[in-house]
Amino acid sequence: MERFFANTQSKVYVAGHNGLVGSAIVRALEKKGYTNLIMRSSRQLDLRDSAAILEFFCIEKPEYVFLAAARVGGIHANNTYPAEFIYDNLMIQCNVINASCISRVKKLLFLGSSCIYPKLASQPLKEEYLLTGPLEPTNEPYAVAKIAGIKMCQSYNSQYGTRNICVMPTNLYGPNDNYDLDTSHVLPALIRKFHEAKVKGDPLVTVWGTGSPRREFLHVDDLADACLFLMENYEGNDLVNIGTGEDLKISELAAIVRDIVGYRGDIRYDSSKPDGTPRKLLDVTRIRNLGWRSKIGLAEGIAGSYDWYIRHLAGSPSI
Ligand code: GFB
């Protein structure tokens with residue numbers, strides 16, 4: 001089997017290179033000396049356009065593909081735009097996985113998510129728990145699309161001999177995160193809420209839900225490191241969870257973010273907003289047995305994300 005890192009001149013396509021995950025994978029590849037990277041913005045190449053994708057792959061002929069492009073968002077976004085979440089993700093996945101097969105890509109990495117496991121599965125979540133129970137209603141369309149992507153990767157491997165690998169990251173955060181309060185995930189939302197309350201002198205910050213759900217948070221640079229590690233060292237149809245192996249309550253996370261931002265006011269919980277899945281801690285035994293573990297601690301990662309937010313977005317007219 002040709003090793004992914006055999007040649008840093010390998011032609012690598014990072015679909016979704018501007019996003020949270022895609023930009024981290026590009027940073028990791030460039031750090032390892034990869035210079036032959038192919039990237040296209042969504043304006044240059046609409047991944048939902050089958051003909052355009054086939055033409056792109058047949059012309060560019062990438063050797064390796066990181067499929068980091070997706071329609072993603074937090075619990076409110078998933079609950080508000082279910083049709084976009086299922087249509088965009090199905091189209092993107094079908095086009096890229098199929099075109100990769102037709103153009104004989106050597107290996108493709110597909111990203112699932114911890115939120116596509118059954119809502120009330122035993123914890124920590126083992127890879128084999130997928131499809132063993134009902135999904136979390138607030139993001140079921142997204143989860144069904146992602147599960148279809150996994151099944152497509154595995155089916156192409158079995159029928160066409162492709163080398164698609166599927167990974168299951170936990171909740172992610174880091175540079176280039178989405179800080180829009182309606183569509184973002186909890187961690188960037190709390191950074192922005194506490195920062196703006198501190199600047200304005202607001203006495204109160206509202207946190208959605210009850211604060212009791214538990215979440216696991218992995219820095220996106222750790223995820224990118226794991227993706228390159230698995231592209232190099234892993235083959236097969238089995239899923240691979242990527243996480244830290246630790247979780248905490250949303251209320252505990254809020255207290256950590258509040259302290260790092262330096263906000264001195266109070267927190268109130270808006271229980272009219274959904275809690276979503278009570279817990280989704282990943283079992284990381286498989287990836288640890290392969291020789292990888294996360295390195296970036298949560299407090300360190302949040303401090304770095306706050307610094308990024310201040311330098312890039314705080315005070316910007318709209319995000
Ligand atoms: O991060 P989040 O939106 O997504 O919400 P999920 C996590 C928890 O944080 C929920 C609470 O219990 C929210 O109610 N929360 C508290 C907040 N305050 C806020 C806030 O200001 N904004 C947000 N967004 N949440 C997602 C899936 O589930 O997990 C996606 O919907 C994706 O599809 C992602 O897969 C990884 O962790 O609940």
Side-chain angles (χ1 to χ4, degrees), residues 18-32 68 72 74 111 113-115 124-125 167-181 184-199 205 207 211 213-230 240-265 267 279-285 287-288 290-316 319:
N18 282 322
L20 173 70
V21 174
S23 58
I25 288 174
V26 169
R27 285 196 299 273
L29 286 166
E30 289 174 341
K31 200 170 160 189
K32 283 188 180 289
V72 298
L111 287 145
S113 169
S114 61
C115 77
L125 295 163
V167 303
M168 300 284 271
T170 188
N171 287 46
L172 303 169
Y173 70 98
N176 290 317
D177 210 340
N178 169 14
Y179 283 84
D180 176 282
L181 293 182
S184 70
H185 291 103
V186 60
L187 201 153
L190 293 181
I191 287 175
R192 180 172 175 184
K193 285 181 174 179
F194 283 119
H195 175 78
E196 291 183 344
K198 180 177 81 169
V199 168
V205 164
V207 176
R214 299 183 69 89
R215 290 293 182 272
E216 175 185 15
F217 296 97
L218 179 73
H219 193 284
V220 73
D221 284 341
D222 265 341
L223 174 76
D225 186 58
C227 288
L228 269 61
F229 172 85
L230 292 170
V240 184
N241 286 338
I242 307 177
T244 65
E246 296 166 11
D247 65 356
L248 75 168
K249 280 186 167 185
I250 294 301
S251 57
E252 293 165 331
L253 175 73
I256 293 170
V257 175
R258 178 185 57 188
D259 294 347
I260 288 172
V261 168
Y263 177 68
R264 298 280 175 264
I267 295 172
R279 192 178 192 199
K280 44 178 179 170
L281 174 66
L282 293 179
D283 181 311
V284 290
T285 305
I287 197 167
R288 287 192 176 168
L290 286 168
W292 185 90
R293 59 190 310 141
S294 60
K295 301 176 189 68
I296 302 171
L298 184 57
E300 171 198 355
I302 294 173
S305 297
Y306 182 39
D307 178 58
W308 186 92
Y309 172 72
I310 295 281
R311 285 186 288 110
H312 292 81
L313 297 176
S316 59
I319 44 175

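Everything numeric here is computed off the predicted structure, so don't read it as measured data.
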Heavy-atom closest pair (Ala226 atom, Ile242 atom, distance to 0.1 Å) is CB-CG2, 3.6 Å

Under 6.0 Å from the NZ atom of Lys198, do we count more than 12 heavy atoms belonging to anything else shown? yes

Can you find a pair of side-chain heavy atoms, one from Val220 and one from Pro175, that are under 4.5 Å apart? yes

Is any side-chain heavy atom of Leu190 closer than 4.5 Å to a side-chain heavy atom of Val207? yes

Set of residues satisfying side-chain hydrogen bond (donor to acceptor under 3.5 Å, both in side chains) with respect to Thr285, sequence neighbours excluded: Asp283

Below 4.5 Å, heavy atoms only, C-beta onward: do Leu228 and Leu29 meet side chain to side chain? yes

Which residue is it: Leu172, Ile302, Thr170, Leu298? I am looking for the one with a side chain to side chain contact (heavy atoms under 4.5 Å, CB included) to Phe217. Leu298

Which atoms form the tightest heavy-atom contact between Ala68 and Val21, and what is the distance? CB-CG1, 3.9 Å

Is a donor on one side and an acceptor on the other found under 3.5 Å between the side chain of Glu216 and the backbone of Gly245? yes

Rounded to the nearest 0.5 Å, what separates atom CG in Asn241 from atom CG in Leu125? 7.0 Å

How many angstroms lie between CD1 in Ile25 and SG in Cys227, if you round to the nearest 0.5 Å? 4.5 Å

Pair Asp177, Tyr309 - check side chain to side chain contact (heavy atoms under 4.5 Å, CB included), show working. CA-CA 9 Å; Asp177 210 340; Tyr309 172 72; over 6 Å; no

Please determine whether the number of non-hydrogen atoms from other residues, nucleotides or ligands lying under 6.0 Å from atom CZ of Arg293 exceeds 12. no

Are Tyr263 and Val257 packed together at the side-chain level, in the sense that at least one heavy-atom pair is separated by less than 4.5 angstrom? no

Any heavy-atom pair between the side chains of Arg279 and Asp247 that's under 4.5 Å? yes

Is the closest side-chain heavy-atom distance between Lys280 and Asn171 below 4.5 Å? yes

Apply side chain to side chain contact (heavy atoms under 4.5 Å, CB included) to residues Ile267 and Ser251 and explain how you reach the verdict. CA-CA 9 Å; Ile267 295 172; Ser251 57; over 6 Å; no

Closest heavy-atom contact between Ile260 and Ala299? CD1-O, 3.7 Å

Roughly how far apart are Glu246 CD and Arg214 CZ, rounded to 0.5 Å? 10.5 Å

How far apart are the C-alpha atoms of Lys31 and Asp225, what are their side-chain angles, what is the distance that settles it, and do they pass the side chain to side chain contact (heavy atoms under 4.5 Å, CB included) test? CA-CA 11 Å; Lys31 200 170 160 189; Asp225 186 58; over 6 Å; no

Step-by-step side chain to side chain donor-acceptor pair (under 3.5 Å) determination, His195 to Tyr306: CA-CA 9 Å; His195 175 78; Tyr306 182 39; 2.7 Å; yes

Are the side chain of Asp222 and the backbone of Ile296 linked by a donor-acceptor contact shorter than 3.5 Å? yes

Roughly how far, to the nearest 0.5 Å, is CZ of Arg215 from CG of Leu248? 10.5 Å

Has the side chain of His219 got a donor or acceptor atom that lies under 3.5 Å from a matching backbone atom of Asp221? yes

Grab the two heavy atoms, one from Pro188 and one from Ser184, that are nearest each other, plus how far apart they are. CG-CB, 4.3 Å

Decide yes or no for Ser23 and Arg27: does some side-chain heavy atom of the first lie under 4.5 Å from some side-chain heavy atom of the second? yes

Do the non-hydrogen side-chain atoms of Ser305 and Tyr179 ever get within less than 4.5 Å of each other? yes

Trace of the side chain to side chain contact (heavy atoms under 4.5 Å, CB included) decision for His185 with Tyr173: CA-CA 8 Å; His185 291 103; Tyr173 70 98; over 6 Å; no

Gap separating the CG atom of Asn178 from the CG atom of Leu181, nearest 0.5 angstrom: 9.0 Å

Which atom pair, heavy atoms only, marks the closest approach of Trp292 to Gly243? CZ3-O, 4.0 Å

